[in-house]
Amino acid sequence: MDIENKIVQNIIEAVQKLYGTAVEADKIVIQETRKEFEGQITVVTFPFTRLSKKTPEQTGADIGEYLKANVEDVTDFNVIKGFLNLTISEQYWTNCLISNVLSADYGQFKPNGEKVMVEYSSPNTNKPLHLGHVRNNLLGYSVAQILSANGYDVIKANLVNDRGIHICKSMLAWQQFGNNETPASTGLKGDHLVGKYYVIFDKEYKKQISELVAGGQTEDEAKKNAPVIKQAQEMLLKWESDDPAVKELWSKMNGWVYEGFGETYKKLGVDFKKYYYESDTYLLGKDTIEEGLQKGVFFKKEDGSVWIDLTEDGLDQKLVLRADGTSVYITQDLGTAQLKYDDFKMDKSIYVVGNEQDYHFKVLFLILEKLGKTWAKGLFHLSYGMVDLPSGKMKSREGTVVDADDLMDEMIRTAKERTEELGKVEGFTEEEKNKLYEIIGMGALKFFLLKVEPKKRLLFDPNESIDFQGHTGPFIQYTHARIRSVLAKAGYSGKLTESYSLVLTPLEKDLIVNLSKYPDVIAASASEYSPAQIANYVFELAKLFNKFYHEESILKAEDADVRNFRLDLASATASVINKGMGLLGISVPDRM
RNA sequence: GCGCCCAUAGCUCAGCUGGAUAGAGCAACGGUUUUCUAAACCGUAGGUCUUAGGUUCGAAUCCUAAUGGGCGUACCA
């Protein structure tokens, strides 16, 4: 809000003139006035009492007088203890609505010339996506949208883990037990079919282990000697040496998975500009290791393994290359980071990855900094908490995962039931109905996951369905639909208010004050990479509008100017709801 | 052992760089529909902000320690 800057400037002047000393702008605390007091903007005046050598009340009154006399839009003030509550003119708020909030690009910042990559999703191709991936995908997509609204040029990237021992496990199990099943022959989604064989592998593996243990081997020996694991390892070696048959099987099964993921991504509403595949990048990083050795950042042990000593930074010694010269996880991440930078030369790069990898990224970024990569300071790990069930962690191999596709289907089904119960789809075509159910069901799911601060862990109880009432996506969607309905009835087609001399009701003023905060919320959510801030803001806005809607009629307002103004106000609210929800990847319907 | 993260109402969560009597939603109880969509609105009840110290005009917020929970600390990814 620009009025805040004006007030801050004038306070600096006031303190200078009244008390003969200077205050820094960042010492001045401005906040929203609490509901129970008169005014919209509050200045905390405790810090000035030291300069004024007067009571908080007297100091507040001094500054209040000054502001009233010198700032055009400050029309009145009151002082309660160390709080100076300012009343801002009606014209200011009316004007704010008409010239700012209602403009088409409200909340969209000008391009800032910076490029940022957001890497998210990053699935393994041996099993379908589950609820944890859903959180990742929604977060990544939303953060990308938010950065884009803040003026960044955003590149959404997906680093697919398409190779490795876990992939070979699914392949091997399919080869041995699959009877040539395909998605077409079974009707299963490709990623689910492959996941099925990942589970079958694990069952077989466990069976063989217990047989070997029964035959006298220790648990550890059995784990190494079980025939299936040996075969999987052989398969991995063959893959690495480009064995045509293995590669063909690999391409075939990954192809099924990609088709399945494609559907899931589509339903989730996420997309990517750039795909990286680990089968292409897993050998990268060796140059970086060499560079590190040259620069003396890394050192070689007698066995030939390469390390970095981070003990001075409070971390440990970390292996960066095995004794046999092969890569570890961080080797390829070093290489991939370089590759990404070479590809796009971005200013910032966000990795959306769970908090179990906090240490890994701390080390990764630190190494790149020590290597003197100027771009390393732009790297950021957007770390988010795990999604837990009441029973604890989800385990794909133990079948306790909440499957992404199942969950989405269930949400949409529930949306359908709820909507039909309420009898709200009269006059909808079959297609419109299905579209609506999807919008509502996905809205409920997305809002549920995004309203929580990313770094907090998230509890999901499959036995308790996700709500459609209260602090939810559908609540906000409903508010939007109501507004659109009123606007449609009024034949509203754009800004109606001319007059700046309205007397606003408290609720109208509250609404405008709230709407005027939107750009600040967008900026804050970007600097903290937190869609939750937008989610909670939009909820607050919707709640406030519902109150207004309930208490003050729009279409039946006695005065034509008031009616027009309220239509503008409603339209502005709908538009901010639409934009805010859009940044969360949630659509809002016109009717529901 | 060491490191990182979390702890707010019965449950799920807000609480911005320290600022007024700590706020929502759900669940519970009571009320609102001849009036723009009741997926809504209003009210009641519910809290020693895990604990103990400290910093200061002022602490849920910052510092220290303890307790509880999660994660990491692999020549796994």
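Convention: sequence-line order gives letters A, B, ...; per-chain numbering from 1.
Checked by distance alone, T472(A) brings no side-chain donor or acceptor within 3.5 Å of a matching partner on the base of A39(B). Evaluation of atom-type donor-acceptor distances gives no pair under 3.5 Å for the side chain of D520(A) against the base of C16(B). A donor-acceptor contact under 3.5 Å is not formed by the side chain of K556(A) with the base of U35(B). If you check distances only, the side chain of T42(A) does reach the base of A20(B) with a donor-acceptor pair under 3.5 Å.
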Show your working on side chain to side chain donor-acceptor pair (under 3.5 Å) between N546(A) and T479(A) and close with a plain yes or no. CA-CA 7 Å; N546(A) 279 328; T479(A) 309; 3.2 Å; yes

Would you check, one step at a time, whether the test side chain to side chain donor-acceptor pair (under 3.5 Å) holds for S52(A) with Q58(A)? CA-CA 9 Å; S52(A) 68; Q58(A) 189 52 248; over 6 Å; no

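G70(B) and U64(B): their P atoms are spaced 24 Å apart (whole Å). One P atom belongs to C63(B), the other to U55(B), and the distance between them is 15 Å to the nearest Å. For the C1' atom pair drawn from U12(B) and U35(B), the interatomic distance equals 36 Å after rounding to whole Å. Nucleotides A52(B) and U8(B) are separated by 16 Å at their P atoms, to the nearest Å. A27(B) and C5(B) have their C1' atoms separated by 30 Å, with the value rounded to a whole Å. Between G23(B) and G47(B), the two P atoms lie 14 Å apart (nearest whole Å).
Within the structure, a side-chain polar atom (N or O) of K455(A) is placed less than 4.0 Å from OP1 or OP2 of C6(B). Proximity of K362(A) to the phosphate of G3(B): no side-chain N or O atom is located under 4.0 Å from OP1 or OP2. For G23(B), one of the phosphate oxygens OP1 or OP2 lies less than 4.0 angstrom from a side-chain nitrogen or oxygen of R34(A). When the side-chain nitrogen and oxygen atoms of K456(A) are compared with OP1 and OP2 of A14(B), one or more of them lie within a distance under 4.0 Å. Between K547(A) and C42(B) there is a side-chain N or O to OP1 or OP2 distance below 4.0 Å. Look at R457(A) and you won't find any side-chain N or O under 4.0 angstrom from OP1 or OP2 of C71(B).
Annotation: side chain of R591(A) is not in contact with side chain of R484(A) (no heavy-atom distance under 4.5 Å). For the pair M592(A) and K424(A), the minimum side-chain heavy-atom distance is 4.5 Å or more.
For E38(A), the side-chain contact (heavy atoms from CB on, under 4.5 Å) partners are N78(A), T87(A), not counting sequence neighbours.
Among the atoms of the strands shown, none is found under 4.0 Å from any heavy atom of E464(A). Heavy atoms of F37(A) sit under 4.0 angstrom from at least one base atom.
Ranking U73(B), U21(B), A39(B) by closeness to the Y359(A) side chain, first place goes to U73(B). For L422(A), taking side-chain heavy atoms from C-beta onward, the closest of the listed nucleotides A77(B), A39(B), C75(B) is A39(B).
Base-pairing analysis of RNA chain B finds the following stems of at least three consecutive Watson-Crick or G-U pairs, with both pairing distances under 3.5 Å: B:1-7 with B:67-73, B:10-13 with B:23-26, B:28-32 with B:40-44, B:50-54 with B:62-66.
Atom CD in Q469(A) sits roughly 19 Å away from atom P in U37(B) (whole-Å rounding). A38(B) atom C1' lies 11 Å from atom CG of N546(A), rounded to whole Å.
Cation-pi geometry between K127(A) and F201(A) is not met: the NZ or CZ atom fails to fall both under 6.0 Å from the ring centre and inside 45° of the normal.
Using cut-offs of 30° and 60° for the angle between ring planes, the Y277(A) and Y275(A) rings count as parallel. Below 30°, between 30° and 60°, or above 60°: for F448(A) and F460(A) the angle between ring planes is above 60°, a perpendicular geometry.
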